[in-house]
Amino acid sequence: MSFSNLGLRAELLRAVADQGYSEPTPVQLQAIPAILAGRDILAGAQTGTGKTAGFTLPILQCLAANPHDKGRRPVRALILTPTRELAAQVRESVAIYGRHMPLRSTAVFGGVNIKQQIDNLRRGVDILVATPGRLQDHVNQRTVDLSAVEILVLDEADRMLDMGFLPAIRRILAILPKRRQNLLFSATFPKEIRSLAEGLLHNPEIIEIARIGSSAEGVSHTVHPVDRARKRELLAHLIDSNNWSQVLVFTKMKHGAERLAKQLDREGMRATSIHGNKNQNQRTRALQAFKSGAVRVLVATDVASRGLDIEQLPHVVNFELPLDAETYIHRIGRTGRAGKTGEAVSLVDHEEREMLSGIEQLLKRTIPQIVVPGFEPGPRSPSPSSKAGQHAHRAGRSHGGRNSQSRQHRRPGRRGGNAGNSRGHTH
Ligand code: AMP
């Protein structure tokens with residue numbers, strides 16, 4: 001199946017060919033004809049599936065096929081994304097795929113001066129990519145006109161929910177024209193997203209791109225059991241001995257990300273980080289340095305990494321496992337993208353065993369565990385069903401995200417600790 005069979009016009013086919021895409025990805029195969037037919041879409045597709053082109057190409061075509069009144073350029077397609085980075089990247093995709101067409105687009109997001117955005121909006125755009133918070137600011141200041149929106153995209157809806165954007169989204173929905181096409185993309189479908197979708201979508205075409213684990217056959221998952229205190233050393237060893245040239249490393253906390261990147265950098269690994277304490281410019285610079293190969297290791301927190309478009313990323317490392325299994329899927333969505341092969345490596349200490357079994361349940365597979373010689377974890381009962389294990393798990397849950405992350409992790413006794421000792425240390 002080629003792009004030309006999908007009913008796209010010549011300008012778009014040229015843009016796709018410019019990008020070197022030879023055939024549509026599964027999400028594109030399903031989404032493009034449905035969107036061109038005017039259908040609402042509910043798509044379970046995460047970053048790395050080609051979803052951006054999957055909605056951008058048909059939107060460009062729909063807008064071009066039905067030009068608006070001369071002169072006036074109200075926003076006709078509105079794309080909401082959770083983060084600034086994703087907004088900037090989606091906008092870039094709109095510009096790339098729309099390069100042979102006379103449509104205009106811009107992005108508005110927080111963290112940068114609003115004045116330039118107001119000027120851009122005043123000049124008129126056909127396609128607006130926005131984060132909900134900043135868009136709400138523009139709505140309040142009456143610097144954006146959303147009265148002519150024909151197509152709405154909610155991209156990475158689950159992340160927008162996680163980031164607390166649902167109320168802002170609902171306020172924006174309330175001022176959009178009632179008759180419009182709605183496209184909802186989400187990697188996961190928690191209750192709130194299902195109910196949002198129910199109220200929003202009319203007879204949607206449901207697109208379920210099998211998730212990582214079943215779909216991304218190109219991704220190999222490995223767990224390296226290791227003591228917490230030796231994770232950094234092991235990471236440096238893996239990067240070095242495997243000669244990895246581009247590796248994305250996830251930590252749970254922004255301070256952890258910053259510290260790890262600095263330490264690796266001091267050790268000559270060329271590393272930088274991207275996290276919530278960095279401003280927009282710093283994040284953009286870090287991402288560019290990583291993409292260009294100037295730095296080898298990018299350490300990121302989950303929120304900051306959301307939607308990063310890094311092509312052909314071969315290695316993703318979970319320095320710490322995420323608290324929930326679905327975040328694991330988001331993280332490794334960065335590798336093995338669009339049919340390429342990738343490797344997802346997790347450094348797992350004793351305390352993370354329970355989380356690991358949660359992830360394995362979701363993936364419906366057991367992840368092979370390989371102990372790296374020289375990094376054997378210290379003795380401690382590894383059984384996830386042991387009392388100590390259950391206790392650690394419950395404590396982690398009840399503390400919730402931030403608190404549990406800031407707790408001091410117990411250092412497993414490497415020098416002959418026994419089960420009794422270990423339990424004594426547990427929280
Ligand atoms: P996305 O899921 O939209 O973040 O896209 C993931 C990556 O796949 C991006 O780097 C795109 O440039 C790339 N991509 C999108 N469509 C195709 C395609 N049909 N063939 C090859 N790569 C693609």
Side-chain angles (χ1 to χ4, degrees), residues 1-8 12-33 35-36 41 43-61 77 79-99 105 107 127 129 153-160 183-188 207-212 215-219 246 248 287-288 290-293 298 300 304-314 316 329-342 344:
M1 187 63 151
S2 75
F3 276 101
S4 50
N5 301 124
L6 292 176
L8 293 171
L12 292 170
L13 294 177
R14 257 170 74 205
V16 163
D18 294 343
Q19 288 306 106
Y21 303 161
S22 48
E23 53 185 54
T25 65
V27 69
Q28 291 163 359
L29 268 180
Q30 294 181 60
I32 293 172
I35 298 172
L36 289 178
I41 296 273
Q46 58 175 340
T47 301
T49 53
K51 68 183 164 66
T52 315
F55 62 76
T56 304
L57 291 167
I59 287 177
L60 287 163
Q61 171 135 333
I79 303 168
L80 295 181
T81 73
T83 63
R84 313 150 180 189
E85 284 83 7
L86 187 60
Q89 282 166 15
V90 170
R91 173 20 212 358
E92 200 182 313
S93 296
V94 171
I96 287 172
Y97 303 131
R99 62 200 289 185
S105 62
I127 301 171
V129 188
V153 182
L154 299 182
D155 192 14
E156 306 205 351
D158 50 353
R159 278 293 141 166
M160 293 202 275
L183 319 175
L184 189 151
F185 290 78
S186 198
T188 59
I207 298 175
E208 184 60 64
I209 295 304
R211 303 198 317 199
I212 299 287
S215 81
E217 293 305 339
V219 179
Q246 205 186 30
L248 179 61
L287 186 59
Q288 273 166 356
F290 184 59
K291 280 185 163 187
S292 72
L298 180 64
S305 76
R306 200 55 208 155
L308 293 185
D309 181 22
I310 303 161
E311 284 181 52
Q312 301 186 23
L313 190 58
V316 169
I329 287 176
H330 282 297
R331 287 182 178 182
I332 63 171
R334 301 307 178 311
T335 187
R337 324 184 69 178
K340 310 214 170 66
T341 55

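Just so you know, ligand 1 is whichever comes first in the structure, and atom 1 is the first atom listed for that ligand. In what follows, residues are counted from 1 in the order of the sequence shown.
The N/O atoms of Ser22, backbone and side chain alike, include none that comes under 3.5 Å of an N/O atom in ligand 1. Taking any N or O of Thr49, backbone or side chain, at least one lies under 3.5 Å from an N or O belonging to ligand 1. Checked by distance only, ligand 1 and Ala53 stay at 3.5 Å or farther apart across all their nitrogen or oxygen atoms.
Heavy-atom contacts of Lys51 reach the following atoms of ligand 1: 1 (P), 2 (O), 3 (O) (cutoff under 4.0 Å). Per-residue contacts place Thr52 under 4.0 angstrom from the following atoms of ligand 1 (heavy atoms of the residue considered): 1 (P), 3 (O), 4 (O). Of all atoms in ligand 1, listed by their number and element, those nearer than 4.0 Å to a heavy atom of Phe3 are 19 (N). Of all atoms in ligand 1, numbered sequentially from 1 with element shown, those under 4.0 Å from a heavy atom of Thr25 are 17 (C), 18 (C), 19 (N). Ligand-side atoms of ligand 1 in range of Glu23: 18 (C), 19 (N), 20 (N), range being under 4.0 angstrom from any heavy atom.
Rounded to the nearest 0.5 angstrom, Arg159 CZ and Leu86 CG are separated by 11.5 Å. Summarising the geometry, atom CG belonging to Leu60 is positioned 10.0 Å from atom OH belonging to Tyr97; distances are rounded to the nearest 0.5 Å. Between the CD1 atom in Ile79 and the CG atom in Asp155 there is a gap of 8.0 Å [rounded to 0.5 Å].
Gln246 places a side-chain N or O within 3.5 Å of a backbone atom of Phe290 that can act as its donor or acceptor partner. Judged by distance alone, the side chain of Gln28 and the main-chain N or O of Gly50 form a donor-acceptor pair under 3.5 Å.
The one candidate from Leu6, Asn5, Val16 that meets the side-chain contact (heavy atoms from CB on, under 4.5 Å) condition with Pro24 is Leu6.
Contact annotation: the side chain of Lys51 never approaches that of Ile207 to less than 4.5 Å [non-hydrogen atoms, C-beta and beyond].
Neither the backbone nor the side chain of Gln89 has any atom closer than 4.0 Å to an atom of ligand 1 (non-hydrogen atoms only).
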